[in-house]
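Single-structure report; data block below.
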Amino acid sequence: MPGVTSIPSRAGFLRARNYGLKAVSRGLVMQAAPNHLADWRVGFTASKKIGNAVTRNRARRRLRAVMRESLQPVARLGLDYVMIARYDTARREWQHLVDDVEKMVGYLHRQIDHRIDHQLDSPHGESQSARSARKGGQA
RNA sequence: UCAGAUGGCUGGAUGACCGCUGCCACCAACGGAGAAAUCCGGUGGGAGAGGAAAGUCCGGGCUCCACAGGAUCAGGAUGCCGGGUAACGCCCGGCGGGGGUGACCCCAGGGAAAGUGCCGCAGAAAACAAACCGCCCAUACGCCCCACGGGACGUAUGCUGGUAAGGGUGAAAAGGUGCGGUAAGAGCGCACCGCCAGGCUGGUAACAGGCUGGGCAUGGUAAACCCCAUCCGGAGCAAGACCAUGUAGGGACACAUGCCGCGUGCGGCUGGUGCGAUCCUGCACUGAUGUCCGGGUAGGUCGCUUGAGGCGGCUGGCAACAGCCCGCACUAGAUGAAUGGUCAUCACCCUCUGCGUCAUGCAGGCGGGACACAGAACCCGGCUUACAGGCCAUCUGACAGC
RNA sequence: GCGGCGUUUGUGUAGUGGUAAGACCUUAGCCUUCCAAGCUAAAGACGCGGGUUCGAUUCCCGCACGCCGCU
């Protein structure tokens, strides 16, 4: 989709999961991780646990729509976002879903800042690209 | 009017804002790449899930295994008859059997006198028949009656006494019912029904009807093995093809490596390999098999959507269906996977309130509602399964009226 | 998307056209001062719906659920 880059493979999803940073709400789960690229990306997951193919498609489409409304204006360059559908994703009221995402994005960004500041003190200065991407993404 | 049967159709509507994927056109204007064609972005137009898209249960197309023919064996599938179809385990029509008052529905529905196996418990006996309780007969004994001829009852015996009516067991007991017959009985005899054999008539056939003959032999199970007939090679679009990248269109070891010709790596013969096995014929290839090591794994493009296609009409056919030209509209192609998200109104359903009726209802509400089942993934023909609500046609039964 | 396999007490397994067996677990009793072990007894299952058969957990068909594989 133009303007938004999607995570292309399973490896990207696994990296986001292993980074260990996630936020949970009734409507969905979000993960975030630095991707060491000059762009931000997003991926969607709807497992068989939440329902049949129709339900999964509906959940994924609602996630995409709420991403465009609430995540795209504030997304930071250099981050991968993974949005995971839960049982209520296809059924929850739209306004609640929007509120969930806005709250979770704020939480994730604060946690990312905390981790990067903490790593600067440690001898492993691995987060150089994420640090610079954060400055660019805020513009 | 009520209760049903069969077949078919439909599968929410409108509007606003914000978006997605192909296709076509434009690029006059704006941004990027390029010498340019052009490409990306952009602008405009139009298209964009189903009757089951599902389960993956059958049959095909298509692609690869290089391909083809024959014989035998193995394995699998199907199984009344006729037709339809590219084909089918599908569909249509008929036959036979079963169910229902009926419309109508259901049936893997070939072969058990080719063979083998099995038929638990119960029962005397479960398949070359046999004989538990009985019934009948003969002899002996006991006891009773007597009109002195004999008779009733009981017990025992019968070198294999006769019998299969009745009882009882079982899912099933060796044709059924009735009359005659007999010591008692029995297809022992007869009538009807059933069965078997052979003609006859009708039908393409399954089969039906009737005639003649035979006293009756042949229990069930083949969705047990099996026999008969017919059909079937394997894998599947993650098939497969091309391009790019790459230390490479891979390497090492073991086993095997025959003969002839010459130009010394090619040709021929033999051998080997090749669609479940073996064999034969043609054909193709020149290695095959095993073990170990190495490379790639976020590649791209094609395959990829117009087809045994749909709707209407005419002709043939009871129908499935076929033919014809005629007419019509045309027809999703995604690939972390588009075809949507939100809101409003209406329709629909549920619920509540009021009114009314034998009953179905009518009016209303800041009420509630994942608005049925369900999402294309190479494409068709079927089957099966899921499905809120609504509509149409034909037919059956009951009740009422004319 | 495509291909294959399997469902038996609470758990992991046998089994076969007629009675479903045994192990661990659970419950009760005995034994012991008590517990464990041991002994005795009991309870508890053929995924669902049809069909074939006298009779189906078994044979056949259709569903549901679960598992495995794919260059």
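Everything quoted here is computed from the prediction, not taken from an experiment. Quick note on labels: first sequence line is chain A, next is B, and so on, each numbered from 1.
- Figure legend. B:rU14 is base-paired to B:rA344; pairs are counted as Watson-Crick or G-U wobble with both atom distances under 3.5 Å.
- Across the protein-nucleic acid pair, A:Gln72 atom CD and B:rC18 atom P stand 15 Å apart, rounded to whole Å.
- Pair assignment for B:rG265: B:rC262, on the basis of Watson-Crick or G-U wobble contacts that are both within less than 3.5 Å.
- Taking the syn range as angles within 90° of 0, the glycosidic angle of B:rU163 is outside it, so the base is anti.
- Comparing the C1' positions of B:rG317 and B:rG83 gives a spacing of 11 Å, expressed to the nearest Å.
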>> Test side chain to side chain contact (heavy atoms under 4.5 Å, CB included) on A:Phe13 and A:Arg17; report intermediate values, then the result.
In response: CA-CA 6 Å; A:Phe13 286 85; A:Arg17 195 185 70 189; over 6 Å; no

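- In this entry the distance linking CG of A:Asn52 with C1' of B:rC387 reads 13 Å, nearest Å.
- A stem is defined here as three or more consecutive Watson-Crick or G-U pairs, each with both distances under 3.5 Å; for RNA chain C these stems are C:1-7 with C:64-70, C:26-30 with C:38-42, C:47-51 with C:59-63.
- Rounded to a whole angstrom, the distance from the P atom of B:rG175 to that of B:rA217 is 5 Å.
- Residues that satisfy the salt bridge (charged side-chain N to carboxylate O under 4.0 Å, His left out) test with A:Arg91, not counting sequence neighbours, are absent from this structure.
- Pairing partner, B:rG323: B:rC314, with both Watson-Crick or wobble hydrogen-bond distances short of 3.5 Å.
- What you find for A:Tyr81 and A:Ala75 is that their closest heavy atoms are OH-CA, 3.8 Å.
- Looking at residues two or more places apart in sequence or on another chain, you find no salt bridge (charged side-chain N to carboxylate O under 4.0 Å, His left out) involving A:Arg86.
- Annotated as syn: B:rA49, whose O4'-C1'-N torsion sits within 90° of 0.
- For A:Glu69 and B:rC17, the CD to P distance is 16 Å, given to the nearest whole Å.
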> Does the side chain to side chain contact (heavy atoms under 4.5 Å, CB included) test come out yes or no for A:Ile84 and A:Leu28, once each step is laid out?
Replying inline: CA-CA 6 Å; A:Ile84 302 168; A:Leu28 74 160; over 6 Å; no

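- Of all heavy-atom pairs spanning A:Leu63 and A:Thr45, the tightest one is CD1-O, 4.4 Å.
- Its glycosidic angle being more than 90° from 0, B:rG34 falls on the anti side.
- The partner of B:rG194 is B:rC216, by the rule that a Watson-Crick or G-U pair needs both atom distances under 3.5 Å.
- Look at B:rU72: its Watson-Crick or wobble partner, with both distances under 3.5 angstrom, is B:rA277.
- Mapping A:Ala53 and A:Arg41 onto RNA chain B via the closest heavy atom, the residue that lands nearer the 5' end is A:Arg41.
- In this entry B:rA171 has no Watson-Crick or G-U wobble partner, no candidate having both defining distances under 3.5 Å.
- Using a 5.5 Å limit on the distance between ring centres and a 30° limit on the angle between planes, the aromatic ring of A:Phe44 does not count as stacked on the six-membered base ring of B:rG336.
- Contacts of A:Arg60 with the nucleic acid, taken as non-hydrogen atoms under 4.0 Å apart, involve only primed sugar atoms and P, OP1 or OP2.
- Nucleotides B:rG382 and B:rA320 are separated by 14 Å at their C1' atoms, to the nearest Å.
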Hey, what are the protein-to-nucleotides 340-344 of chain B N/O distances that come in under 3.5 Å?
unit_1, atom_1, unit_2, atom_2, d
B:rG341, OP1, A:Arg58, NH1, 3.1
B:rU342, OP1, A:Arg62, NE, 2.9
B:rU342, OP1, A:Arg62, NH2, 2.8

> Checking side chain to side chain contact (heavy atoms under 4.5 Å, CB included) for the pair A:His109/A:Leu79: CA distance, chi angles, key distance, verdict?
Replying inline: CA-CA 10 Å; A:His109 285 177; A:Leu79 286 183; 4.2 Å; yes

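- Across all strands shown, the partner of B:rA47 is B:rU21, judged by Watson-Crick or G-U wobble contacts whose two distances both fall under 3.5 Å.
- Contact record, A:Phe44 with A:Met67: CZ-CE, 4.1 Å, taken as the closest heavy-atom pair.
- Out of B:rA370, B:rG336, B:rA49, the shortest distance to the side chain of A:Arg91 is found at B:rA370.
- Under a cutoff of 6.0 Å and an axis angle of 45°, A:Arg115 and A:Tyr19 form a cation-pi pair.
- Atom name C1', nucleotides B:rG369 and B:rC346: the rounded distance is 16 Å, in whole Å.
- B:rU139 and B:rA156 make up a base pair, with Watson-Crick or G-U wobble contacts both under 3.5 Å.
- Because its glycosidic torsion is within 90° of 0, B:rG51 is reported here as syn.
- Nucleotides B:rA386 and B:rG381, compared at atom C1', are 22 Å apart to the nearest Å.
- The C1' atoms of B:rA172 and B:rC119 are separated by 10 Å, rounded to the nearest whole Å.
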>> The test is side chain to side chain contact (heavy atoms under 4.5 Å, CB included); show your working for A:Tyr87 and A:Thr55 and say whether it passes.
In response: CA-CA 9 Å; A:Tyr87 180 81; A:Thr55 306; over 6 Å; no

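- B:rC88 and B:rC383 have their P atoms separated by 16 Å, with the value rounded to a whole Å.
- B:rA174 and B:rA126 have their C1' atoms separated by 11 Å, given to the nearest Å.
- Applying the side-chain hydrogen bond (donor to acceptor under 3.5 Å, both in side chains) rule to A:Arg41 yields the partners A:Asp80; only residues at least two apart in sequence or on another chain are considered.
- Nucleic acid contact for A:Thr45: base, since at least one base atom lies under 4.0 Å from a heavy atom of the residue.
- Scored by the side-chain hydrogen bond (donor to acceptor under 3.5 Å, both in side chains) test, A:Ser70 finds no partners at all (sequence neighbours excluded).
- Because its glycosidic torsion is more than 90° from 0, B:rG99 is reported here as anti.
- The CZ atom of A:Arg86 sits 18 Å away from the C1' atom of B:rA370 (whole-angstrom rounding).
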